[in-house]
2 protein chains.
Amino acid sequence: MTKTVDDAVAVLQQNHLKITKQRRTMLSFLCARPDHYTEVTQVDAYMRDFYPGMSHATIYRNIKEFEELGLVEQQVEGEQARVKFQCDFANMHHHHFICRNCGQVTELKMCPLDYFSDQLPGAKIEGHRFEMYGLCANCAATIEA
Amino acid sequence: MTKTVDDAVAVLQQNHLKITKQRRTMLSFLCARPDHYTEVTQVDAYMRDFYPGMSHATIYRNIKEFEELGLVEQQVEGEQARVKFQCDFANMHHHHFICRNCGQVTELKMCPLDYFSDQLPGAKIEGHRFEMYGLCANCAATIEA
DNA sequence: CATCAAATCGTAATCATTACTGTTAATAAG
DNA sequence: CTTATTAACAGTAATGATTACGATTTGATG
């Protein structure tokens with residue numbers, strides 16, 4: 001079920017987007033960090049190191065396009081945005097637990113929406129956001145020691 | 001239980017912060033918009049209109065201080081930050097449903113954390129974020145018509 | 001290979017937020 | 001009430017992420 005760079009490139013093709021070496025490198029970079037949100041500024045720094053003189057605009061535009069295709073997930077929380085390779089393009093609805101130490105993402109099953117919708121009679125619920133953070137089991141064990 | 005500007009000012013006093021006319025005006029502005037998140041840029045615009053030549057820094061600094069005292073709630077979602085007068089300084093744990101049309105905030109009872117903690121054995125959950133948005137009952141009825 | 005639209009570059013703009021420094025004014029003590 | 005102290009403020013300018021734009025390059029297609 002976990003997708004690879006080639007899977008992502010195939011999606012680009014299917015949508016008549018051009019396969020450039022920059023895009024391939026970006027996807028490769030993101031794909032190498034599965035289950036981790038990476039700060040967009042770090043993606044930017046890496047790309048501009050890899051392709052000296054690469055434009056900021058290109059990087060941000062590509063992230064936006066990748067997101068529209070479901071290849072990555074973006075999160076705009078506070079200061080700067082973060083982005084994560086979407087290992088499962090199927091776009092299943094899910095929520096995340098994010099470890100503040102190692103950055104690992106755990107997908108949660110079940111959605112809290114079910115428990116709340118009956119508190120809002122008449123309202124039309126269009127979306128929601130749910131996220132948990134802390135220390136994953138590994139880091140919790142390590143740090144406590 | 002709903003707090004007023006004077007209650008907020010009292011908190012400033014208790015914490016040995018000075019009561020300036022700027023701060024009073026800010027709190028008054030925010031207090032007049034209960035259950036609504038206001039964009040910080042709008043607070044900024046209003047204050048600089050009220051006190052021509054007022055400094056951006058003062059406004060942002062005050063919001064941060066108000067937040068530390070629990071007088072307001074801040075939300076940094078995407079583009080610009082939003083802020084809301086905290087009618088209940090008691091800092092009870094709760095979540096929000098936010099109407100995208102009128103901006104009304106409904107506080108939700110019950111916290112989804114309970115339903116998820118057992119999915120993360122060993123992890124140390126330090127925080128979470130939950131939010132729902134859409135149309136409140138009033139707006140849903142009006143817009144549908 | 002030739003074509004053409006899509007991607008990219010490179011520069012500069014935008015815009016929210018913050019640093020910094022000298023000045024003002026709220027508070028508490030006399 | 002007067003004064004001393006120091007937080008709060010004004011004003012200017014910086015920062016830093018993100019985007020606009022015009023010129024150039026390059027991937028896809030035949």
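Everything numeric in this text was worked out from a predicted model, so none of it was measured. Chain letters run A, B, ... following the sequence lines, proteins first and then strands; every chain starts at 1. We use all heavy atoms of the structure for the numbers below, so side chains are in, but hydrogens, waters and symmetry mates are not.
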So, OP1 or OP2 of [N]: does either fall under 4.0 Å of a side-chain N or O from [X]?
X       : N      : value
B/Thr58 : D/dA10 : yes
A/Gln22 : C/dC9  : yes
B/Thr20 : D/dA7  : no

Rounded to the nearest 0.5 angstrom, the CG-CG distance for A/Asp6 and A/Leu12 is 11.0 Å
Whole angstrom is fine here: how far is it from [atom1] in [X] over to [atom2] in [N]?
X       : N      : atom1 : atom2 : value
A/Asn62 : C/dA6  : CG    : P     : 15 Å
B/Arg61 : C/dT21 : CZ    : C1'   : 13 Å
A/Tyr60 : C/dG10 : OH    : C1'   : 16 Å
A/Ile19 : D/dT29 : CD1   : P     : 9 Å
B/Lys64 : C/dA19 : NZ    : P     : 7 Å
A/Leu12 : C/dA7  : CG    : C1'   : 12 Å
A/Ile59 : D/dT18 : CD1   : P     : 11 Å
B/Ile63 : C/dT18 : CD1   : C1'   : 13 Å

If you draw a 6.0 Å radius around CZ in B/Arg24, do more than 12 non-hydrogen atoms from other residues or ligands fall strictly inside?
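Result for CZ/B/Arg24: open.
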On a plain distance test, is the side chain of B/Ser55 in donor-acceptor contact with the base of D/dG11 below 3.5 Å?
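Side chain to base: pair found, below 3.5 Å.
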Tell me, with the steps shown, if B/Tyr46 and B/Thr38 meet side chain to side chain contact (heavy atoms under 4.5 Å, CB included).
CA-CA 11 Å; B/Tyr46 175 83; B/Thr38 306; over 6 Å; no
Return whichever of B/Arg23 or B/Arg48 has its heavy-atom-nearest nucleotide of DNA chain D closer to the 5' end.
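Here B/Arg23 is the residue nearer the 5' end.
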Just checking B/Asp44: base, sugar-phosphate only, or nothing, at a heavy-atom cut-off of under 4.0 Å?
nothing
What nucleotide among D/dC9, D/dA8, C/dT8 has an atom nearest to a side-chain atom of B/Glu65?
D/dA8
Heavy-atom closest pair, residues A/Leu27 and A/Ala8:
CD1-CB, 3.9 Å
For B/Lys18 and for B/Thr41, find the nucleotide of DNA chain C with the closest heavy atom, then tell me which residue's nucleotide is more 5'.
B/Thr41
On DNA chain C, nearest-nucleotide positions of B/Gln74 versus A/Ala57: which is more 5'?
A/Ala57
Go through the steps to decide whether A/Val11 and A/Phe66 satisfy the test side chain to side chain contact (heavy atoms under 4.5 Å, CB included), and finish with yes or no.
CA-CA 10 Å; A/Val11 173; A/Phe66 293 167; over 6 Å; no
